[in-house]
2 protein chains.
Amino acid sequence: MTEGSKRRLKLWIRLLGVTRRAENELREYLRVTHDTTLPRFDVMAALYRRRENMTMSDLSRMLLVSNGNATVVVDRLEKDGLARRTPSETDRRTVFVGLTPEGLAAFESLAAGHEAEVARIFARLGDEDVDAMTEILKRAERDE
Amino acid sequence: MTEGSKRRLKLWIRLLGVTRRAENELREYLRVTHDTTLPRFDVMAALYRRRENMTMSDLSRMLLVSNGNATVVVDRLEKDGLARRTPSETDRRTVFVGLTPEGLAAFESLAAGHEAEVARIFARLGDEDVDAMTEILKRAERDE
DNA sequence: GGAAATTACTTCAAGCTTAAATTTTTAAGC
DNA sequence: GCTTAAAAATTTAAGCTTGAAGTAATTTCC
């Protein structure tokens with residue numbers, strides 16, 4: 001294979017390593033301090049970020065997971081009283097999802113600790129590295 | 001929260017997005033073209049990379065997954081005749097894992113296509129970005 | 001050299017995830 | 001308007017993943 005593809009493979013291996021490590025630490029943090037999981041946190045964060053007119057499809061597209069996955073995670077949040085489904089009145093195929101007041105409060109009590117934990121995980125990186133990497137990732141995402 | 005933690009949170013969100021997208025594309029590639037999965041590929045790649053004296057513990061540490069996970073993925077590869085366990089003769093707790101000749105051949109027939117697919121996924125990134133990001137990721141990994 | 005701690009691996013239960021199939025509803029093309 | 005296609009969500013089966021518990025072997029250290 002070409003020179004360029006080898007460099008990209010090396011990048012991918014490191015990227016995966018750093019991401020997995022960070023996920024493992026965040027999972028541990030959420031489990032120990034808040035008795036919850038990464039996928040539940042991700043769903044709640046998405047629902048917190050966009051409070052209105054979020055459909056199940058929007059949610060799965062936003063989180064880059066399958067529809068079936070979104071369904072079951074929302075099922076569990078709903079069972080715990082943290083999320084709520086509301087059928088659309090104009091399109092009977094569509095279901096809107098949102099946080100309940102309890103879900104909103106639960107997320108807000110998680111958010112600051114989560115942010116601090118992310119900061120701790122990437123503390124080793126200087127501010128310039130953080131910004132440089134964010135910019136590179138933006139370029140990597142262009143459409144895709 | 002502080003300015004720095006917000007920047008790191010933004011970085012983390014982008015990092016997760018790019019990684020998930022790449023994983024989804026690679027998973028699709030492996031499924032469609034080789035009828036296999038990411039975790040199986042990862043295990044085979046690790047066993048290919050280090051051919052000698054790889055224990056189950058080494059494997060799970062290397063892949064950043066739990067011991068139980070390594071056990072079941074190796075179980076499946078073994079069932080398909082691609083991997084093989086060999087008990088250590090000096091420590092009866094330890095099990096070495098390795099690719100069978102079939103596993104070796106299977107991995108070799110996958111590797112080039114996988115590398116090309118990774119290159120395709122990150123084609124949007126220029127060579128300088130690729131190298132810069134690799135260096136930043138190295139700095140992020142220092143011990144951790 | 002024997003008790004206690006540690007290490008390596010597996011098993012288990014629960015939850016996560018995908019891809020495909022299914023159901024229901026809406027949109028498109030004639 | 002009617003047929004066909006497309007879209008939204010759920011269900012299902014299979015596989016992935018974790019964390020904890022369990023088994024067996026080795027090491028530590030008194």
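Naming convention: chains lettered A, B, ... in sequence-line order (proteins, then strands); numbering from 1 in each chain. Excluded from the calculations below are hydrogen atoms, water molecules and symmetry mates; all remaining heavy atoms, backbone and side chain alike, are included.
Remark: the backbone N or O of B:L63 is paired with a side-chain donor or acceptor of A:R20 at under 3.5 angstrom. At least one donor-acceptor pair closer than 3.5 Å links the side chain of A:S109 to the backbone N or O of A:A106.
For B:E135, the salt bridge (charged side-chain N to carboxylate O under 4.0 Å, His left out) partners at least two apart in sequence or on another chain are B:K138. Contacts of B:R76 classified as salt bridge (charged side-chain N to carboxylate O under 4.0 Å, His left out), with partners at least two apart in sequence or in another chain: none. Judged as a salt bridge (charged side-chain N to carboxylate O under 4.0 Å, His left out), and not counting sequence neighbours, the contacts of B:R31 are B:E28. Among residues two or more places apart in sequence or in another chain, the salt bridge (charged side-chain N to carboxylate O under 4.0 Å, His left out) test is passed with A:E108 by none.
Comparing A:R92 and A:V65 by the nucleotide of DNA chain C that holds the closest heavy atom to each, the one mapping nearer the 5' end is A:V65.
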Output a table of nitrogen or oxygen pairs between the protein and nucleotides 2-7 of chain C separated by less than 3.5 Å.
residue	atom	partner	partner atom	Å
C:dT7	O2	B:R93	NH1	2.7

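Within residues 66-85 of chain B, the residues approaching DNA chain C are B:N67, B:G68, B:T71, B:R85, by heavy-atom distance under 4.0 Å. Near-neighbour residues of DNA chain C inside residues 53-62 of chain A, defined by a heavy atom below 4.0 Å, are absent. Residues from residues 26-47 of chain B placing a heavy atom under 4.0 Å of any atom in DNA chain C, listed by number, are B:R27, B:R31.
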Q | DNA chain D base-pair string [pairs: Watson-Crick or G-U under 3.5 Å; |: paired with another strand] | A | ||||||||||||||||||||||||||||||

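A salt bridge is defined here as a Lys NZ or Arg NE, NH1 or NH2 lying under 4.0 Å from an Asp or Glu carboxylate O, and A:E117 with A:R120 meets this definition. Remark: B:R8 does not engage A:D129 in a salt bridge, criterion side-chain N to carboxylate O under 4.0 Å.
Side-chain polar atoms of B:S88 and B:T94 form no donor-acceptor pair below 3.5 angstrom. Looking only at atom types and distance, the side chain of A:R27 has a donor-acceptor partner in the side chain of A:N24 under 3.5 Å away. Judged purely by distance below 3.5 Å, without hydrogens or angles, the side chains of B:S66 and B:N69 never pair a donor atom with an acceptor atom.
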Q) Please walk me through it: do A:R7 and A:E3 pass salt bridge (charged side-chain N to carboxylate O under 4.0 Å, His left out)? A) CA-CA 7 Å; A:R7 281 150 92 170; A:E3 165 66 23; 3.7 Å; yes

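One finds the CE atom of A:M62 at 12.0 Å from the CG atom of A:D42 (value rounded to the nearest 0.5 Å). Expressed to the nearest 0.5 Å, how far CD1 of A:I121 lies from CH2 of B:W12 amounts to 7.0 Å. A distance of 5.5 Å separates CE of A:M44 from CG of A:L110, quoted to the nearest 0.5 Å.
Boundaries of the chain B contact region on DNA chain D are D:dG15 to D:dT26, first to last in 5' to 3' order (nucleotide atom under 4.0 Å from a heavy atom).
Between the CZ atom of A:R20 and the C1' atom of C:dC16 there is a distance of 15 Å, given to the nearest Å. Regarding B:E23, its CD atom lies at a distance of 12 Å from the P atom of C:dA19, rounded to whole Å.
Between B:L125 and A:L11 the shortest side-chain heavy-atom distance falls below 4.5 Å.
Among residues at least two apart or in separate chains, ring pair (Phe, Tyr, Trp, His ring centres under 6.0 Å) pairs with a member in residues 45-82 of chain B are B:Y48-B:F107. Among pairs with a residue in residues 73-100 of chain A, none fulfils ring pair (Phe, Tyr, Trp, His ring centres under 6.0 Å), at least two apart in sequence or across chains.
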